[in-house]
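See structure below.
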Amino acid sequence: MSIHVGKEKISQVLDGEILEFNPNNFSENFSIEIEKLTKDRMEFVMRGIEAPLANAFRRILLSDIPTIAIETISIKNNTSVIQDEVLAHRLGLIPINVDPKHFKYRPKQPLQKQDKNSRQESSNATEENTLLFNLHIRCLKKTDWEKIKKSRELLLKKQEQNKEMNIEKEEEEGKENKLKIQIESGSESEDEEEEGEIDERAKECVEKILTQRAKTLINHRVLSSDLVWVPIGNQQTLFPKGIKPVLPDILIAKLNEGQEIDVECEAVKGTGREHAKWCPVCTASYRMLPSIKLKKQLSQKQSKKLVKTCPMKVFDIEDGLLEIKNSRKCTMCRECLRGDFGVELGLVKNEFYFWIESTGIIPPEELFQQALEIFKEKCINLKNNLQNFTKKKEFNENEEEEINFD
């Protein structure tokens, strides 16, 4: 494909065919048909445009729409197995559920070395351009109280049954039936000590529970929900419902007993052009719609064979006739071309199947609207720059003529 830029029109040559851009035809033929719209995903068909224009929308969605993401972190303590750099990277990729329109871009300044024991806030960080988050979590032990409670209830029940049976043999022989369950916070349960005869089923149940560790770990998994927003200035009034990550169960790290993470994070406004963590979409892509034609009429046997050959079930038989049921499912696998079915495959040059999958910060339909606005601004800026360049060139040519005339 080649593009020719003239004084009054722009044309491109695609597969030997010259396609000229006409604004009037574009406004008449351009249309958008929404196929699927959910909270985080949008699928639609764009008609009446060319591939460069569709690709421009895709690139704007990836790199020019701003969001809020963690940019700077201050690590006070990190005894986990994850390195500081990896931890900072993982925190930066967590999408923050806040509208970036409420914030300004924070001016950049060179980083300065600071004392380890004292941390001063960035001089250019204000309530208008910065969000502050704290992440302080420590992994500790806890006793499995539910299992212990069940075992104790079972033992008490068995002891009551033994008392009801009025067993005097235990008193004569001086035997006592005891069960000591000693539980201490943050320590392993000790082995049980018991004497006498207890029901075998209850004894096995108690021994099985008490021989294992009567503990579990709390704060073993560090999740995105552990990030705590710290309002700056008047932010609490502006965001009364608070600010938190889009998803609460994003895994940040796993801790072992005694390990701790204590960091302070600053989130700022940015775009995907600078770093992928500010990208508002998980994916934004498109493909040209396929064009499928049947050159000849097939017999009933050949039609059934073609239907079975296509893995995407594009073809179907209705009322004894072969028809193209859903051409959009075609993946151009070319299985239908391997046999003598008379199928012709092609691509529709001015129709594109587009899909946008949002990270959850901004709805996909709003993302596309913002992409259109940014594209419009880029066109206006290009037009103004070309006009200024033309005026400057004409001015320089007039100056040269005057100098030559003198």
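Computed from heavy atoms alone, side chains included, the values below leave out hydrogens, waters and symmetry copies. Worth saying up front: this structure is predicted, and the values here are computed from it rather than measured.
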| So, do T309 and F315 sit near enough that their side-chain heavy atoms are less than 4.5 Å apart? | no

| request: Please confirm whether the backbone N or O of L321 pairs with a side-chain atom of D319, one donor and one acceptor, at under 3.5 Å? | output: no

| said: Taking atom CZ as the centre, does R58 end up with more than 12 heavy-atom neighbours from other residues, nucleotides or ligands that are less than 6.0 angstrom away? | reply: yes

| field | Heavy-atom side-chain contact between I70 and K277 under 4.5 Å | value | no

| remark: Scanning both residues in full, the closest heavy-atom pair of H220 with C139 reads CA-SG, 4.1 Å

| query | Under 4.5 Å between any side-chain heavy atoms of E335 and F341, yes or no? | reply | no

| said: Any heavy-atom pair between the side chains of F375 and L53 that's under 4.5 Å? | reply: yes

| said: Show the nearest heavy-atom pair for residues M46 and F354, with the distance to one decimal. | reply: SD-CD1, 3.8 Å

| Is the ring centre of F44 less than 6.0 Å from the ring centre of F368? | yes

| message | Measuring only between side-chain heavy atoms, which start at C-beta, is L61 closer than 4.5 Å to L367? | response | yes

| query | Checking S225 side chain against P248 main chain: does a donor-acceptor pair fall under 3.5 Å? | reply | yes

| said: How long is the straight-line distance from CG of L372 back to CZ of F57, given to the nearest 0.5 Å? | reply: 5.0 Å

| message | On a heavy-atom basis, which atom in N129 and which in P107 lie closest, and how many Å separate them? | response | ND2-CD, 4.1 Å

| note | E323 meets the salt bridge (charged side-chain N to carboxylate O under 4.0 Å, His left out) criterion, sequence neighbours left out, with none

| task | Decide whether E264 and H136 meet the rule of one side-chain donor and one side-chain acceptor closer than 3.5 Å. | result | no

| task | Would you indicate whether R328, at its atom CZ, is surrounded by more than 12 heavy atoms from other residues, nucleotides or ligands within a distance under 6.0 Å? | result | yes

| request: Indicate yes or no for a side-chain donor-acceptor contact from Q259 to the backbone of N256 under 3.5 Å, with no hydrogens or angles considered. | output: yes

| field | Atom pair OG1 (T271) and CD1 (I374), whose distance is rounded to the nearest 0.5 Å | value | 9.0 Å

| query | Does the pair E373/K376 count as a salt bridge with the N-to-O cut at 4.0 Å? | reply | no

| query | Shortest non-hydrogen contact from T67 to P280? | reply | CG2-CB, 3.6 Å

| task | Answer yes or no: is there a side-chain heavy-atom contact under 4.5 Å between W229 and K244? | result | no

| remark: Minimal heavy-atom distance between T79 and E260, with the atoms involved, is OG1-N, 2.7 Å

| Under a 4.5 Å cut-off applied to non-hydrogen side-chain atoms, are M332 and R287 in contact? | no

| query | W355 vs Y353 aromatic rings, parallel, tilted or perpendicular, using cut-offs 30° and 60°? | reply | tilted

| query | Would you say L87 and S80 make side-chain contact, with heavy atoms under 4.5 Å? | reply | no

| request: Could you go through the side-chain contact (heavy atoms from CB on, under 4.5 Å) check for I94 and I252 one step at a time? | output: CA-CA 9 Å; I94 297 176; I252 300 174; 3.7 Å; yes

| Pairs where residues 251-270 contributes a residue and the test ring-ring contact (aromatic ring centres under 6.0 Å, His included) is met, not counting sequence neighbours | none

| Verdict with reasoning, V314 to I324, per side-chain contact (heavy atoms from CB on, under 4.5 Å) | CA-CA 6 Å; V314 174; I324 302 171; 4.0 Å; yes

| Between CG of L140 and CG of L255, what distance do you get to the nearest 0.5 Å? | 10.0 Å

| said: Nearest 0.5 angstrom please: N55 CG to I60 CD1, how far? | reply: 10.0 Å

| query | Taking K325 for the side chain and D316 for the main chain, is one N or O donor matched with an acceptor at less than 3.5 Å? | reply | no

| task | Taking all heavy atoms of P66 and all of Y105, pick out the closest pair and write down the distance. | result | CB-OH, 3.3 Å

| query | With distance as the sole test, does K269 use its side chain to make a donor-acceptor pair with the main-chain N or O of P100 at under 3.5 Å? | reply | yes

| task | Assess whether side-chain contact (heavy atoms from CB on, under 4.5 Å) is satisfied between I75 and V263, documenting all intermediate values. | result | CA-CA 4 Å; I75 301 178; V263 298; 3.8 Å; yes

| Test item: D226 side-chain N/O and L135 main-chain N/O as donor-acceptor pair under 3.5 Å | no

| request: Check step by step if side-chain contact (heavy atoms from CB on, under 4.5 Å) holds for N29 and N350. | output: CA-CA 10 Å; N29 299 329; N350 60 348; over 6 Å; no

| said: For L238, is there any backbone N or O sitting under 3.5 Å from a side-chain donor or acceptor partner on N234? | reply: no

| message | Which residue in the set E127, E71, E266 passes salt bridge (Lys or Arg N to Asp or Glu O under 4.0 Å) when paired with R106? | response | E266

| note | Output for pair (E357 CD, D40 CG), nearest 0.5 Å, gives 7.5 Å

| said: Using 0.5 Å steps for rounding, measure from the OG atom of S31 to the CD atom of E351. | reply: 7.5 Å

May I have the list of side-chain donor-acceptor pairs in residues 294-302 shorter than 3.5 Å, sequence neighbours left out?
{"unit_1": "K296", "atom_1": "NZ", "unit_2": "D340", "atom_2": "OD1", "d": "3.2"}
{"unit_1": "K296", "atom_1": "NZ", "unit_2": "D340", "atom_2": "OD2", "d": "3.3"}
{"unit_1": "S299", "atom_1": "OG", "unit_2": "Q302", "atom_2": "N", "d": "3.3"}

